[in-house]
Chemist: 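Following this message is one structure expressed as structure tokens.
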Amino acid sequence: EIKRELDSYKGKISTNNTKSKFIIKKLEYYDWEILKSFWDWIPSWQNSITSIKKLENNVISLGIYDNNLLAGYIVYNPTTNRINQFATNKKTRNLGSAKNLFQHISKNNENLFYVNNIDSNSINSKNFLLSLGLEFFIKQYEMELRI
């Protein structure tokens, strides 16, 4: 049974050299309760909390801060250029924090980036990824089998 549709994007992230009021630094630990509060949709199993924990030695996790308040985060694999998770604090959205995170990881990296399994109902996520210069490239279904 189809549970939801998932969209994937790829491309080079458009960058600009604008000054930012944000501070980006490595996440020292995952406070999943806080990070989950940023989510608009639940990640697919490939990008779930369990999968991130298993990939912990292969991924880089960055937080972006506005006056010491976590404004967003990103988890990505620098070897494959796959972005596993990203989200921003709902209270501080539309201030450029997510864009700054994506531009930070793409700085000095001319390769294609991949963002897989975005819930197709999330218009905000889709529009954001397209605004970065990424292109839609595949639709998949998350399915469930009742046993």
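Remember, it's a predicted structure, so these values are computed and weren't measured experimentally. These values consider heavy atoms only, across backbone and side chains, with no hydrogens, waters or symmetry-generated copies.
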Chemist: Counting only heavy atoms not in Ile23, do more than 12 fall under 6.0 Å of its CD1?
Modeler: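 No, because the 6.0 Å sphere around CD1 of Ile23 holds 12 heavy atoms or fewer from other groups.
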
Chemist: For the ring pair Tyr30 and Tyr73, is the centre-to-centre distance below 6.0 Å?
Modeler: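 Ring-ring flag for Tyr30/Tyr73: false, centres at least 6.0 Å apart.
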
Chemist: Can a donor-acceptor pair be found, under 3.5 Å and without considering hydrogens, that links the side chain of Lys126 to the backbone of Ser120?
Modeler: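 Yes, because the side chain of Lys126 sits within donor-acceptor range (under 3.5 Å) of the backbone of Ser120.
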
Chemist: Between Ser106 and Asn109, is there a donor-acceptor pair closer than 3.5 Å when you use the side chain of the first and the backbone of the second?
Modeler: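 No.
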
Chemist: Honestly curious: do Phe102 and Leu112 fall in one hydrophobic cluster under the side-chain, below-4.5 Å linking rule?
Modeler: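 No, it is not one cluster - the side chains of Phe102 and Leu112 are not joined through contacts under 4.5 Å.
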
Chemist: Could you state the interatomic distance from CG (Leu134) to OH (Tyr114), rounded to the nearest 0.5 Å?
Modeler: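 The distance works out to 11.0 Å.
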
Chemist: Tell me whether Asn100 contacts the main-chain N or O of Gly96 through its side chain, where contact means a donor paired with an acceptor under 3.5 Å.
Modeler: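 Here the side-chain-to-backbone pair exists.
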
Chemist: Between Arg93 and Asp40, does any NZ, NE, NH1 or NH2 come within less than 4.0 Å of an OD or OE carboxylate oxygen?
Modeler: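 Counted as a salt bridge, because a side-chain N and a carboxylate O are separated by less than 4.0 Å.
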
Chemist: Report the C-alpha separation of Glu1 and Arg146 in whole Å, then their side-chain angles, then the decisive distance to 0.1 Å, and conclude whether the side chain to side chain contact (heavy atoms under 4.5 Å, CB included) test is met.
Modeler: CA-CA 8 Å; Glu1 178 179 328; Arg146 293 183 189 188; 3.7 Å; yes

Chemist: Got a sec: does the CZ of Phe137 have more than 12 other heavy atoms crowding it under 6.0 Å?
Modeler: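 Counting neighbours around CZ of Phe137, more than 12 heavy atoms of other residues, nucleotides or ligands fall under 6.0 Å, so yes.
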
Chemist: Could you please spell out the steps behind the side chain to side chain contact (heavy atoms under 4.5 Å, CB included) verdict for Phe128 and Phe86?
Modeler: CA-CA 11 Å; Phe128 170 71; Phe86 70 95; 4.0 Å; yes

Chemist: Assess whether atom NZ of Lys139 is packed by more than 12 heavy atoms of other residues, nucleotides or ligands within 6.0 Å.
Modeler: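 Yes, enclosed.
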
Chemist: Passes salt bridge (Lys or Arg N to Asp or Glu O under 4.0 Å), Lys10 versus Glu135? Steps please.
Modeler: CA-CA 5 Å; Lys10 68 178 176 179; Glu135 297 177 352; over 6 Å; no

Chemist: Any non-hydrogen side-chain atom of Asp66 less than 4.5 Å from a side-chain atom of Lys21?
Modeler: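 The answer is yes, as the side chains (C-beta and beyond) meet within the 4.5 Å cut-off.
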
Chemist: How close do Phe113 and Ile105 get, heavy atom to heavy atom, and via which atoms?
Modeler: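 That would be CZ-O, 3.6 Å.
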
Chemist: Heavy-atom distance under 4.5 Å between the side chains of Val59 and Tyr76, does that happen here?
Modeler: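 Answer no - side chains too far apart.
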
Chemist: When you compare the side chains of Ser125 and Trp41, does any donor N or O come within less than 3.5 Å of an acceptor on the partner?
Modeler: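 Result is yes, a qualifying pair exists.
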
Chemist: In sequence, state the C-alpha distance, the side-chain angles, and the governing distance for Leu70 and Phe38, and then conclude on side chain to side chain contact (heavy atoms under 4.5 Å, CB included).
Modeler: CA-CA 10 Å; Leu70 183 63; Phe38 296 176; 3.9 Å; yes

Chemist: Is it the case that over 12 heavy atoms from other parts of the model lie below 6.0 angstrom from the CG atom of Asn67?
Modeler: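 Not buried by this count: 12 neighbours or fewer within 6.0 Å.
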
Chemist: Got a second to check how far Ile24's CD1 is from Ser97's OG, nearest 0.5 Å?
Modeler: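 With rounding to 0.5 Å, CD1 (Ile24) is 9.0 Å from OG (Ser97).
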
Chemist: Which of these, Asn124, Val115, Ile13, Ile83, sits in a side-chain contact (heavy atoms from CB on, under 4.5 Å) with Leu129?
Modeler: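 Output: one option passes, namely Val115.
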
Chemist: Can a donor-acceptor pair be found, under 3.5 Å and without considering hydrogens, that links the side chain of Asn47 to the backbone of Asn116?
Modeler: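 Side chain of Asn47 to backbone of Asn116, a donor-acceptor pair under 3.5 Å: yes, one is there.
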
Chemist: Hey, what do you get for OG (Ser61) to NZ (Lys25), rounding to the nearest 0.5 Å?
Modeler: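 NZ of Lys25 is found 14.5 Å from OG of Ser61.
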
Chemist: CD/Gln103 to CG/Leu132 distance, rounded to the nearest 0.5 angstrom?
Modeler: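 Answer for the CD-CG pair, Gln103 versus Leu132, is 7.0 Å.
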
Chemist: Taking C-beta and beyond as the side chain, do Glu110 and Lys12 meet within less than 4.5 Å on heavy atoms?
Modeler: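 Answer yes - side chains close enough.
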
Chemist: Please check if the side chain of Lys99 supplies one atom and the backbone of Ser131 the other of a donor-acceptor pair under 3.5 Å.
Modeler: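 The answer is no, because no donor-acceptor pair under 3.5 Å joins these two groups.
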
Chemist: Donor-acceptor pair, distance only, cut-off 3.5 Å: does the side chain of Ser122 make one with the backbone of Asp119?
Modeler: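 No; judged by distance alone, with no hydrogens or angles, the pair does not exist.
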
Chemist: Is a salt bridge present between Lys3 and Glu142, judged by a nitrogen-to-oxygen distance below 4.0 Å?
Modeler: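 Glu142 and Lys3: not salt-bridged.
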
Chemist: If you define the side chain from C-beta out and look only at heavy atoms, does anything of Arg4 sit under 4.5 Å from Asn121?
Modeler: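 Of all side-chain heavy-atom pairs linking Asn121 with Arg4, none is under 4.5 Å.
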
Chemist: Could you state the interatomic distance from CG (Asn58) to CZ (Arg82), rounded to the nearest 0.5 Å?
Modeler: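 CZ of Arg82 is found 13.0 Å from CG of Asn58.
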
Chemist: Considering only heavy atoms from C-beta outward, does the side chain of Asp7 approach that of Ile138 to under 4.5 Å?
Modeler: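 Counting from C-beta outward, Asp7 and Ile138 never come under 4.5 Å.
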
Chemist: Does Asn117 offer a backbone N or O that forms a donor-acceptor pair with the side chain of Gln140 under 3.5 Å?
Modeler: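 No; judged by distance alone, with no hydrogens or angles, the pair does not exist.
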
Chemist: Determine whether Leu6 and Ile118 make a side-chain contact, defined as any pair of heavy atoms from C-beta on separated by less than 4.5 Å.
Modeler: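 Result no, sub-4.5 Å side-chain heavy-atom pair not found.
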
Chemist: So, taking the atom named OG in Ser37 and the one named CG in Asn89, what distance separates them when rounded to the nearest 0.5 Å?
Modeler: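 These two atoms lie 6.0 Å from each other.
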
Chemist: Between Ile52 and Gln85, is any pair of side-chain heavy atoms under 4.5 Å apart?
Modeler: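 Yes, at least one pair of side-chain atoms sits under 4.5 Å.
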
Chemist: Identify whether Ile60 and Phe22 are in the same connected component of the hydrophobic contact network (ILVMFWY, side-chain heavy atoms under 4.5 Å).
Modeler: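 Shared cluster, yes.
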
Chemist: Tell me whether the count of non-hydrogen atoms from other residues, nucleotides or ligands lying under 6.0 Å of NZ in Lys91 goes above 12.
Modeler: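 Check fails, neighbour count at 12 or below.
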
Chemist: Answer whether the closest heavy-atom distance between the side chains of Leu35 and Trp32 falls below 4.5 Å.
Modeler: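 In contact.
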
Chemist: Give a yes or no on this: more than 12 heavy atoms of other residues, nucleotides or ligands lie within 6.0 Å of atom CG of Asn94.
Modeler: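 Check fails, neighbour count at 12 or below.
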
Chemist: Yes or no on side chain to side chain contact (heavy atoms under 4.5 Å, CB included) for Leu62 and Leu101, after CA distance, side-chain angles and deciding distance?
Modeler: CA-CA 8 Å; Leu62 301 172; Leu101 279 169; 4.1 Å; yes

